[in-house]
Asks: 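Here it is, the structure, as structure tokens.
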There are 2 protein chains.
Amino acid sequence: MKESHAIQALSALAHEHRMAIFKTLMREGPSGLPAGAIGERLELGGSKVSFHVGLMERAGLLRSWRVNRHIYYAVEIDGMRELLGFLTEDCCGGHPEICGALFETAQVCGDD
Amino acid sequence: MKESHAIQALSALAHEHRMAIFKTLMREGPSGLPAGAIGERLELGGSKVSFHVGLMERAGLLRSWRVNRHIYYAVEIDGMRELLGFLTEDCCGGHPEICGALFETAQVCGDD
DNA sequence: TCAATTCTTCAATTACTCTTGAACTGATAT
DNA sequence: ATATCAGTTCAAGAGTAATTGAAGAATTGA
């Protein structure tokens, strides 16, 4: 992953509303949610939701598709995986001790 | 890790100069570098370096100490570990498939 | 004490990001 | 066709963040 892309993705997650949207869509899984439903759950107006999901989509963290009148959004798994890869490789490059906790987390995660 | 703290840390990494500083200090290890040396390596003026390292320190990603006239900065390993923990736990919470690549990365990392 | 070195802080400017509400697009139903 | 619904886009304004250069602190050496 290119560094500038990683920075764009980090920046996309580094906001209260966007983090809330991301978590909501994470829970929802691949079926995603329409923009309106996201707004209702998080009490955000339409254009706010559009602005933030658009930004996250451009950063590669979400994907979207239309179903009739609705536009659905879901987490782009590969985008998040690439971001985590960038961080851990950058982190592990010379300093494996940082990965200690992560290693355990990943194992717990892998066991699910 | 509190979400607002995680957002602060993400935001601290989401900048070209700060990412460069972080990588430089990562390579340097626990012995760190004085502010001036960081500036020389990355061709950044003094107040720029101060501004960015200060922000990263407040976000828990760096620590600093004085040695004579110099102020040294080094990566705060625990801060970075907590951030990665936040991301992976948030990620793994319901969606272990994201951790696939991360799992491998962590293993490679642990083997170093 | 005075000057030099190293770094930080400040105030001003510039640049960017976010919010707001209105106008617009695209799809569907009457 | 017209109206309605779901969502996006736009322009203006508010709010934040980053850069700049100068001034200020802390430390050391002459």
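Letters go in sequence order (proteins before strands), and every chain restarts at 1. In what follows, every heavy atom counts, from backbone to side chain, and hydrogens, waters and symmetry copies are set aside.
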Asks: Is the closest basic N to carboxylate O distance between B/Glu28 and B/Lys23 below 4.0 Å?
Replies: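 Between B/Lys23 and B/Glu28 there is no salt bridge, as every charged N stays at least 4.0 Å from the carboxylate O atoms.
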
Asks: At under 4.0 Å between heavy atoms, what does A/Leu55 touch on the DNA or RNA strands: base, sugar-phosphate, or nothing?
Replies: sugar-phosphate

Asks: Please report the C-alpha distance between A/Val75 and A/Leu61 in whole Å, then the side-chain angles of each, then the deciding distance to 0.1 Å, and finally whether the side-chain contact (heavy atoms from CB on, under 4.5 Å) criterion is met.
Replies: CA-CA 6 Å; A/Val75 170; A/Leu61 295 176; over 6 Å; no

Asks: To the nearest 0.5 Å, what is the distance between NZ (A/Lys48) and CZ (A/Arg18)?
Replies: 12.0 Å

Asks: Does the A/His70 side chain pair with the main chain of A/Tyr72, one donor and one acceptor, at a distance under 3.5 Å?
Replies: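 No, A/His70 side chain to A/Tyr72 backbone: no donor-acceptor pair under 3.5 Å.
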
Asks: Is the number of heavy atoms from other residues, nucleotides or ligands within 6.0 Å of CD (A/Glu16) greater than 12?
Replies: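 Counting neighbours around CD of A/Glu16, 12 or fewer heavy atoms of other residues, nucleotides or ligands fall under 6.0 Å, so no.
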
Asks: Generate the contact string for nucleotides 2-15 of chain C. Rules: B means base contact, S means sugar-phosphate contact only, - means no protein heavy atom under 4.0 Å.
Replies: --BBSSBB------

Asks: What verdict does the side-chain contact (heavy atoms from CB on, under 4.5 Å) test give for A/Phe22 and A/Met80, after you've listed the backbone C-alpha separation in whole Å, the side-chain angles of each residue and the deciding distance to 0.1 Å?
Replies: CA-CA 10 Å; A/Phe22 191 83; A/Met80 190 57 184; 3.7 Å; yes

Asks: Taking it one step at a time, do A/Leu10 and A/Leu87 satisfy side-chain contact (heavy atoms from CB on, under 4.5 Å)?
Replies: CA-CA 10 Å; A/Leu10 286 167; A/Leu87 290 176; 4.2 Å; yes

Asks: If we ignore hydrogens and angles and just use 3.5 Å, is the side chain of B/Arg66 paired with the main-chain N or O of B/Asn68 as donor and acceptor?
Replies: yes

Asks: Below 4.0 Å from chain A heavy atoms, what is the first contacting nucleotide of DNA chain D and what is the last?
Replies: D/dT4 to D/dT9

Asks: Examine C/dC18: is either OP1 or OP2 under 4.0 Å from a nitrogen or oxygen in the side chain of A/Lys48? Give yes or no.
Replies: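 It does not, given that no N or O in the side chain of A/Lys48 lies less than 4.0 Å from OP1 or OP2 of C/dC18.
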
Asks: Let's see if you get this right: which residues in residues 4-16 of chain B place a heavy atom under 4.0 Å from DNA chain C?
Replies: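 Under 4.0 Å from DNA chain C: no residue of residues 4-16 of chain B.
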
Asks: Considering only heavy atoms from C-beta outward, does the side chain of B/Leu13 approach that of B/Leu83 to under 4.5 Å?
Replies: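 When only atoms from C-beta onward are counted, B/Leu83 and B/Leu13 do touch, with a gap below 4.5 Å.
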
Asks: Within the structure, does a side-chain N or O atom of A/Asn68 lie under 4.0 Å from either OP1 or OP2 of C/dT28?
Replies: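 Yes, such a contact exists.
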
Asks: For A/Leu62, which of A/Met56, A/His52, A/Glu76 qualifies under side-chain contact (heavy atoms from CB on, under 4.5 Å)?
Replies: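 Only match with A/Leu62 under side-chain contact (heavy atoms from CB on, under 4.5 Å): A/Met56.
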
